[in-house]
Trainee: 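Below is a structure I'd like to ask you about.
Excluded from the calculations below are hydrogen atoms, water molecules and symmetry mates; all remaining heavy atoms, backbone and side chain alike, are included.
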Amino acid sequence: MSRRYCTMPKLPFGFREWFESKFGDLCEIHDADYKRGYASGGCKLCSDFKFIVKIDQRGHPILALFVFLAVQVPWLWWKWIKNDD
């Protein structure tokens with residue numbers, strides 16, 4: 001089983017698996033940006049913006065907006081994520 005980089009709740013219709021298959025590499029980069037940013041006083045918003053721009057560039061502009069909201073307001077998701085695999 002491969003490592004899952006996209007932190008999100010299990011959603012209906014296999015959305016999480018689809019998202020991971022399309023954007024798992026971007027999630028991995030986003031996580032690394034966060035780690036580097038927090039270590040050096042970096043910009044969370046900058047990391048999030050780079051992430052959604054890449055999703056948009058892959059042809060998913062509406063999804064990019066929803067992802068931006070999700071990463072800006074993670075507490076909306078956290079109650080579903082924290083006990084999920």
Side-chain angles (χ1 to χ4, degrees):
M1 183 173 179
S2 63
R3 178 166 173 4
R4 184 167 53 88
Y5 288 100
C6 300
T7 305
M8 63 179 16
K10 284 187 179 180
L11 297 171
F13 311 111
F15 180 79
R16 183 172 74 180
E17 292 75 18
W18 174 83
F19 191 90
E20 180 71 40
S21 73
K22 296 287 186 191
F23 308 112
D25 60 321
L26 300 180
C27 293
E28 183 177 9
I29 292 166
H30 184 246
D31 287 353
D33 280 351
Y34 269 16
K35 287 179 186 170
R36 274 193 303 277
Y38 286 132
S40 63
C43 172
K44 177 188 181 305
L45 183 60
C46 300
S47 298
D48 295 344
F49 188 73
K50 287 192 307 187
F51 183 47
I52 64 148
V53 165
K54 293 291 185 183
I55 292 172
D56 177 52
Q57 289 173 343
R58 291 188 181 180
H60 299 277
I62 303 299
L63 179 60
L65 292 174
F66 284 107
V67 169
F68 184 73
L69 289 173
V71 296
Q72 286 300 299
V73 192
W75 54 265
L76 287 173
W77 294 97
W78 193 249
K79 70 178 183 179
W80 291 291
I81 295 170
K82 65 182 176 183
N83 293 319
D84 201 5
D85 59 351

Trainee: Walk me through it: do I52 and F66 pass the test side-chain contact (heavy atoms from CB on, under 4.5 Å)?
Mentor: CA-CA 9 Å; I52 64 148; F66 284 107; over 6 Å; no

Trainee: Ring pair (Phe, Tyr, Trp, His ring centres under 6.0 Å) with F15: which residues, sequence neighbours excluded?
Mentor: W18, F19

Trainee: Quick one: do F23 and L63 satisfy side-chain contact (heavy atoms from CB on, under 4.5 Å)? Show the steps, please.
Mentor: CA-CA 11 Å; F23 308 112; L63 179 60; 3.6 Å; yes

Trainee: Side-chain contact, heavy-atom cut-off 4.5 Å: F68 with L45?
Mentor: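 Heavy-atom side-chain distance check passes, below 4.5 Å.
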
Trainee: Of all residues at least two apart in sequence or in a different chain, which pass the salt bridge (charged side-chain N to carboxylate O under 4.0 Å, His left out) check with K50?
Mentor: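 Counting only residues at least two positions away or on another chain, K50 forms a salt bridge (charged side-chain N to carboxylate O under 4.0 Å, His left out) with D33.
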
Trainee: Rounded to the nearest 0.5 Å, what separation is found between the CG atom of D31 and the CG atom of L26?
Mentor: 11.0 Å

Trainee: What residues form a side-chain contact (heavy atoms from CB on, under 4.5 Å) with D25, not counting sequence neighbours?
Mentor: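 In terms of side-chain contact (heavy atoms from CB on, under 4.5 Å), with neighbours along the sequence ignored, D25 is linked to R58.
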
Trainee: I'd like to know if the side chain of K22 reaches the main chain of I55, judged simply by a donor and an acceptor atom lying under 3.5 Å from each other, with no hydrogens or angles considered.
Mentor: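 A pair under 3.5 Å: no.
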
Trainee: Write down the atom of C6, the atom of G24, and the distance for their closest heavy-atom approach.
Mentor: SG-CA, 3.8 Å

Trainee: State which residues pass ring pair (Phe, Tyr, Trp, His ring centres under 6.0 Å) with F51; sequence neighbours excluded, sorted by chain then number.
Mentor: H30

Trainee: So, using side-chain contact (heavy atoms from CB on, under 4.5 Å) as the criterion, who are the partners of L65 when residues are at least two apart?
Mentor: none

Trainee: For Q57, which residues count as a side-chain hydrogen bond (donor to acceptor under 3.5 Å, both in side chains) partner, sequence neighbours excluded?
Mentor: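 side-chain hydrogen bond (donor to acceptor under 3.5 Å, both in side chains) check on Q57 returns nothing, list empty.
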
